Asker: 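Sharing a structure below in structure tokens format, with a few things to ask.
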Amino acid sequence: MENPSFPLGMNNQNFSSDIDAFKQQKKKAGRKKIEIKKIEKSSNKQVTFSKRRTGLFKKASELCILCNVNIAIIVFSPAEKLFCFGHPDFEGIVESYLKGSKVFDPPESRERSVSYEECNKQYEEAMKKLELEKKNLRETETLANKGCNRRWWEDPIDQMSQSELEQFMVSVYELRRKLAERGGELLMQSMI
């Protein structure tokens with residue numbers, strides 16, 4: 001006899017096995033264990049490095065706090081960028097290691113460890129800005145190449161509208177300013 005609390009065709013036993021099957025599917029969709037081997041594709045190397053570097057530095061920081069140890073880590077990325085981590089003071093730890101001294105006396109340890117993190121952050125922001133500028137340059141060059149046969153300064157000005165004349169005048173003044181600036185740079189270089 002069917003249980004009246006379940007819809008027709010379902011019994012308590014089938015329902016609980018369906019729930020177990022659903023739970024098993026959920027468990028499989030989580031994090032997967034990856035095989036540790038060398039990554040061949042350079043873009044994958046960079047992504048993996050970026051993700052795991054922060055984890056490495058975080059674990060090193062936790063180890064310092066838990067075990068009261070001093071740690072210095074120097075890492076070069078696949079793109080050959082330098083990343084450093086030191087707790088409590090990177091330079092002090094490296095200096096004591098190079099001197100062979102087991103005694104470590106960190107000067108202003110808190111301020112320096114924060115400054116390294118801040119420097120790395122500023123460096124990453126500057127690299128993002130540089131990539132954005134490179135992208136803008138490529139787009140500008142593409143637009144310039146499309147119109148490379150056309151010389152805007154040779155266009156007849158008597159056929160231009162008021163707004164086109166104003167834009168033309170701004171462009172001429174900007175060109176004049178850049179030429180004067182570049183001429184000054186070349187003059188300074190020739191004097192040196």
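These numbers come from a predicted model, not from an experiment.
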Asker: Any chance you could pull the hydrophobic cluster mates of Tyr173, using side-chain heavy atoms under 4.5 angstrom and chaining through other members?
Answerer: Met169
Asker: Looking at Arg177 and Glu174, does any basic side-chain N land under 4.0 Å from a carboxylate oxygen?
Answerer: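 Salt bridge flag = yes for Glu174 with Arg177.
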Asker: Under the side chain to side chain donor-acceptor pair (under 3.5 Å) test, which residues partner Gln162, sequence neighbours left out?
Answerer: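 Result, side chain to side chain donor-acceptor pair (under 3.5 Å) vs Gln162: Glu166.
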Asker: Can you pull out every side chain to side chain donor-acceptor pair (under 3.5 Å) where at least one residue sits in residues 53-62? Sequence neighbours excluded, please.
Answerer: Arg53-Glu124
Asker: Report yes if some heavy atom in the side chain of Glu125 is under 4.5 Å from a heavy atom in the side chain of Lys128; otherwise report no.
Answerer: no
Asker: Quick one: do Val75 and Ile71 end up in the same hydrophobic cluster if we chain Ile, Leu, Val, Met, Phe, Trp and Tyr together by side-chain heavy atoms under 4.5 Å apart?
Answerer: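 Shared cluster, yes.
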Asker: In sequence, state the C-alpha distance, the side-chain angles, and the governing distance for Glu141 and Leu137, and then conclude on side-chain contact (heavy atoms from CB on, under 4.5 Å).
Answerer: CA-CA 6 Å; Glu141 287 174 346; Leu137 177 63; 3.8 Å; yes
Asker: Any chance you could measure Leu98, atom CG, to Ile93, atom CD1, to the nearest 0.5 Å?
Answerer: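 Here the rounded value is 12.0 Å.
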Asker: In chain order, what residues pass the side chain to side chain donor-acceptor pair (under 3.5 Å) check against Gln159, with sequence neighbours excluded?
Answerer: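 Once residues adjacent in sequence are excluded, Gln159 has no partner under the side chain to side chain donor-acceptor pair (under 3.5 Å) criterion.
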Asker: Can you pull out every ring pair (Phe, Tyr, Trp, His ring centres under 6.0 Å) where at least one residue sits in residues 51-70? Sequence neighbours excluded, please.
Answerer: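 Qualifying pairs, neighbours excluded: Phe57-Phe85.
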Asker: Please round to the nearest 0.5 Å and tell me the distance separating atom CG of Asn68 and atom CG of Leu63.
Answerer: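 Result: 10.5 Å between the selected atoms.
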Asker: Scan for side chain to side chain donor-acceptor pair (under 3.5 Å) pairs involving residues 183-192, sequence neighbours excluded, and state none if there are none.
Answerer: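 Found Arg182-Glu185.
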Asker: side-chain contact (heavy atoms from CB on, under 4.5 Å) with Asp158: which residues, sequence neighbours excluded?
Answerer: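 So Asp158 forms a side-chain contact (heavy atoms from CB on, under 4.5 Å) with Pro156.
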Asker: Got a sec, which residues hit side chain to side chain donor-acceptor pair (under 3.5 Å) with Thr140, two or more places apart in sequence or on another chain?
Answerer: none
Asker: Quick one: side-chain contact (heavy atoms from CB on, under 4.5 Å) partners of Leu82, sequence neighbours excluded?
Answerer: Ile74, Phe76, Cys84
Asker: Could you work out, with side-chain contact (heavy atoms from CB on, under 4.5 Å) as the rule, every residue matching Leu66, not counting sequence neighbours?
Answerer: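 Partners of Leu66 under the side-chain contact (heavy atoms from CB on, under 4.5 Å) test: none.
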Asker: Which atoms form the tightest heavy-atom contact between Ile157 and Leu165, and what is the distance?
Answerer: O-CD2, 3.8 Å
Asker: Identify all side-chain donor-acceptor contacts of residues 36-50 below 3.5 Å with residues at least two apart in sequence or on another chain.
Answerer:
from: Gln46; atom 1: OE1; to: Ala79; atom 2: N; distance (Å): 3.4
from: Thr48; atom 1: OG1; to: Asn44; atom 2: O; distance (Å): 2.9
from: Ser50; atom 1: OG; to: Gln46; atom 2: O; distance (Å): 3.0

Asker: With Leu130, which residues qualify under side-chain contact (heavy atoms from CB on, under 4.5 Å), at least two apart?
Answerer: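 Checked Leu130 against side-chain contact (heavy atoms from CB on, under 4.5 Å); matches are Met127, Lys134.
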Asker: Between Ile73 and Ala60, which heavy-atom pair has the shortest distance, and what is it?
Answerer: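 Of all heavy-atom pairs spanning Ile73 and Ala60, the closest is CD1-CB, 3.6 Å.
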